[in-house]
2 protein chains.
Amino acid sequence: MTTAASPRRIGAESSRTRAQLLDAAELLLLEEGYAAVTSRRVAAKAGLKPQLVHYYFRTMDDLFLAVFRRGAEHNLERQARALASPKPLWALWDFNCDPRGTALTMEFTALANRRPTIRDEIANYAERFRHQQAEALVGVFRQYGIDTGELPPTAVLILMSSIPRILLIENALGMTTGHAETVALVERYLTRFEGDRPSEPSAV
Amino acid sequence: MTTAASPRRIGAESSRTRAQLLDAAELLLLEEGYAAVTSRRVAAKAGLKPQLVHYYFRTMDDLFLAVFRRGAEHNLERQARALASPKPLWALWDFNCDPRGTALTMEFTALANRRPTIRDEIANYAERFRHQQAEALVGVFRQYGIDTGELPPTAVLILMSSIPRILLIENALGMTTGHAETVALVERYLTRFEGDRPSEPSAV
DNA sequence: GTCTATACTTCGATAGAC
DNA sequence: GTCTATCGAAGTATAGAC
């Protein structure tokens, strides 16, 4: 399921080396951003030769997509579990506040806007992701008796995903003004609907 | 005021060519992201020779900083005007919703996290920017009689800047679910405090 | 499956002529 | 102020030996 048909050999998906390259690429993506994910640097981080990247992935876009897919499936499952938990709003909030996931999401989004090949798949996934959330939240809101005209579930979703992102970005720059207040504000709402934060912070 | 002392010649700040290079760099930054801003591509976009970039800016970091500074000063003034307008919350919201400014901010933020040389200046500016907002908003909230324990002005600032960003990002991916609802939600609040949106949308 | 070797491109940056 | 010329480093990607 790579980008294009090719006469070239491609390494098996089950390969241990391939997994190492994926790990290295993901780490680089997190630590230094998509621009730092080059075949040479990925290989160096994995302690391998640069040509192996092209043996296993042919193009850099294929590598990016492979990293993305590996995380995406896992993510949808985690989110489904969060939405099915006893306190879904809290679970969703904690899920969105995971810095690693948030950073990866932002990096892939930036990448999608620069690489046409990757764009479609990421946009498609993002829609599925959002849809999964929306569907669950409609039920939750009905159950809680929330007036969805006043507070539409889709708007809540956007708030719950945009806030952690900007907090993470600002934190990286050393900014913290208003962060505690914002988190407190959100969590006051969560508490109003679902009581205190679950003791086990949704170990997803 | 460049990064380092150097024996090399540097072109005058008043140069017309220099301004063209700045324009080209800013445009590239907006259209294709920071990774696309290379000396060769900037020069090509301006219809000039690549070496001129290094004549006027010595390093690429100097170029980035020059683009940033040119916009930053202008931005602080615009925001000051917005905050001094008769309906400051509406003005601030409209200001934050400007897609060009938002996109540039995001690009520079990403850049700051990858380039140590640039980082400090951007972080410093962001703090000043936020501080200017916070100071003004405290007065506004007092005037409107808003309970700042319930709704802290700094939290409102984070909401008002994070929401337009995620809407812009999602839009770029073709996602629109919940956008209208979120904007409507915010604007209901703005209307509650300041009445209808000012007819002249804060021509800043 | 991994290696050497290599082709070609683009990058940042500088020296020096005009 | 702008040009030609040029460096060395890093980028993607491929061919073919082992």
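Here is how names work: the chains are called A, B, and so on, in the same order as the sequence lines, proteins then strands, and each is numbered from 1. Because the structure is a prediction, the values reported are computed rather than measured.
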Is it true that the side chains of A/Trp93 and A/Glu187 contain a donor and an acceptor less than 3.5 Å apart?
yes

A/Tyr144 versus A/Glu194, side-chain donor and acceptor atoms under 3.5 Å
yes

Listed nucleotide nearest any side-chain atom of A/Ser15, set C/dT14, D/dC3, C/dG1
C/dG1

In terms of side-chain heavy atoms of B/Tyr56, which of C/dA13, D/dT2, C/dT6 is nearest?
D/dT2

Strictly below 4.0 Å: does [X] bring a side-chain N or O up to OP1 or OP2 of [N]?
| X | N | result |
| --- | --- | --- |
| B/Thr17 | D/dT2 | yes |
| A/Thr38 | D/dG11 | yes |
| A/Arg40 | D/dA10 | no |
| B/His54 | C/dA13 | yes |

More than 12 heavy atoms of other residues, nucleotides or ligands under 6.0 Å from CZ of A/Phe129: is that the case?
yes

Let me spell it out: for each of B/Gln51 and A/Gly11, pick the nucleotide of DNA chain C with the closest heavy atom. Which residue's pick is nearer the 5' end?
A/Gly11

Rounded distance in Å - [atom1] ([X]) to [atom2] ([N]):
| X | N | atom1 | atom2 | answer |
| --- | --- | --- | --- | --- |
| B/Lys45 | C/dT10 | NZ | P | 17 Å |
| B/Lys49 | C/dT10 | NZ | C1' | 17 Å |
| A/Leu52 | D/dA15 | CG | P | 16 Å |
| A/Gln20 | C/dT2 | CD | C1' | 13 Å |
| B/Leu21 | D/dG1 | CG | C1' | 12 Å |
| A/Asp62 | D/dT14 | CG | P | 10 Å |
| B/Arg9 | C/dT14 | CZ | P | 14 Å |

d(B/Tyr34 OH, A/Tyr34 OH) to nearest 0.5 Å is 4.5 Å

Ring centers of A/Phe64, A/Phe68 separated by less than 6.0 Å
no

Quick check: on DNA chain D, is the nucleotide nearest A/Arg41 upstream (toward 5') of the one nearest A/Tyr55, or the reverse? Name the residue that is more 5'.
A/Arg41

Please evaluate the base of D/dT12 for a donor-acceptor partner in the side chain of A/Arg58 within a cut-off of under 3.5 Å?
no

